[in-house]
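Structure record follows, encoded as structure tokens.
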Amino acid sequence: MKAHLTRRYIFSASHRLHCDELSEAQNREAYGKCNNPHGHGHNYALEVTVSGQVDAKTGMVCNLADLDGTVGGEVLNRFDHVNLNQCAEFEAMVPTTENLSEVIFHILKQKFKAAHLERVRLEETAMNSFEYCGD
Ligand code: NI
């Protein structure tokens, strides 16, 4: 039997949406108040979905402690309470939540081997969420 498991995590980070290849006016046009030079913060809710065969003995897709360890060590430690614009991952990429979803997906794809990574879903506000499931 194959099953999906989704676990939810919370972290906070700030960002400024600004693309160096666009003019000041184009940046304001594209990002509105998210282009404010002082940036702004979000309390992100991150959902990670993995899948796999349910182990006949344990009855589990994977051990939640393993998933928590990888998400905690590789994602939350890296992005909680930081300015995303200053992270190496966003040196050459605008830290939109679309891009952050993709970055988190690729980090977890590399680091989490105990089950198949299906999806990363990131809630930026009560009104917006973004999903990335790989190419
Ligand atoms: Ni924002």
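Excluded from the calculations below are hydrogen atoms, water molecules and symmetry mates; all remaining heavy atoms, backbone and side chain alike, are included.
Here the shortest heavy-atom pairing between Val82 and Cys87 reads CG2-SG, 3.8 Å. Between Phe90 and Phe79, the shortest heavy-atom distance links the atoms CE1-CE2, 4.2 Å. Summarising the geometry of Asn35 relative to Leu17, their closest heavy-atom pair is ND2-O, 2.8 Å, with the distance given to 0.1 Å. For the pair Arg119 and Arg121, the tightest heavy-atom approach, listed with the atom from each and the gap, is NH1-CD, 3.4 Å. Shown here for Leu122 and Ser101, the closest heavy-atom pair between the two residues is CB-OG, 3.6 Å. Taking both residues in full, the closest heavy atoms of Arg16 and Gly39 are given as CB-CA, 4.1 Å, listed atom of the first, atom of the second, then distance.
Distance alone, capped at 3.5 Å, places no donor-acceptor pair between the Asn99 side chain and the Pro95 backbone. Asn43 contributes no side-chain N or O that, together with a main-chain N or O of Ser12, makes up a donor-acceptor pair within less than 3.5 Å. Side-chain atoms of Gln26 come within 3.5 Å of backbone N or O of Ser23 as a donor-acceptor pair. The main-chain N or O of Asn128 is found under 3.5 Å from a side-chain atom of Thr125 such that the two form a donor-acceptor pair.
In this structure the side chain of Leu5 reaches within 4.5 angstrom of the side chain of Leu67, judged on heavy atoms. Put simply, the side chain of Val61 does not reach to within 4.5 Å of the side chain of His4, judged on heavy atoms. The closest side-chain heavy-atom distance from Tyr44 to Leu84 is below 4.5 Å. Put simply, the side chain of Ile107 reaches to within 4.5 Å of the side chain of Arg78, judged on heavy atoms. By the 4.5 Å heavy-atom criterion applied to side chains, Leu46 and Ile10 are not counted as neighbours. A heavy-atom distance below 4.5 Å is not found between the side chains of Leu100 and Phe130. Two residues are said to be in side-chain contact when any heavy atoms from C-beta on lie closer than 4.5 Å; Leu117 and Phe112 fail this criterion. Using a 4.5 Å heavy-atom cutoff, the side chains of His106 and Lys111 are not in contact.
The distance from the CG atom of Leu108 to the NZ atom of Lys113 is 11.0 Å, given to the nearest 0.5 Å. Rounding to the nearest 0.5 Å places CZ of Arg28 at 14.0 Å from SG of Cys34. Separating the CD atom in Glu98 from the CE atom in Met93 is a distance of 11.5 Å, to the nearest 0.5 Å. The CD atom of Glu24 sits 6.0 Å away from the CG atom of Asn27 when rounded to the nearest 0.5 Å.
Remark: Phe105 pairs with Tyr132 by the ring-ring contact (aromatic ring centres under 6.0 Å, His included) rule, at least two apart or across chains. Partners of His18 by ring-ring contact (aromatic ring centres under 6.0 Å, His included), not counting sequence neighbours: none found. The side chain to side chain donor-acceptor pair (under 3.5 Å) test applied to His116 returns no partner, not counting sequence neighbours.
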Determine, step by step, whether Glu102 and Lys109 satisfy the salt bridge (charged side-chain N to carboxylate O under 4.0 Å, His left out) criterion, reporting the C-alpha distance in whole Å, the side-chain angles of both residues, the deciding distance to 0.1 Å, and the verdict. CA-CA 10 Å; Glu102 187 189 9; Lys109 197 78 188 166; over 6 Å; no
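Judged by distance alone, the side chains of Thr49 and Glu118 never bring a donor and an acceptor atom under 3.5 Å apart.
The aromatic ring centres of His40 and His42 sit less than 6.0 Å apart.
There is no path of hydrophobic side-chain contacts, each under 4.5 Å, that joins Met60 to Val71. Cluster membership for Tyr9 and Ile104, using ILVMFWY side-chain heavy atoms within less than 4.5 angstrom, is shared.
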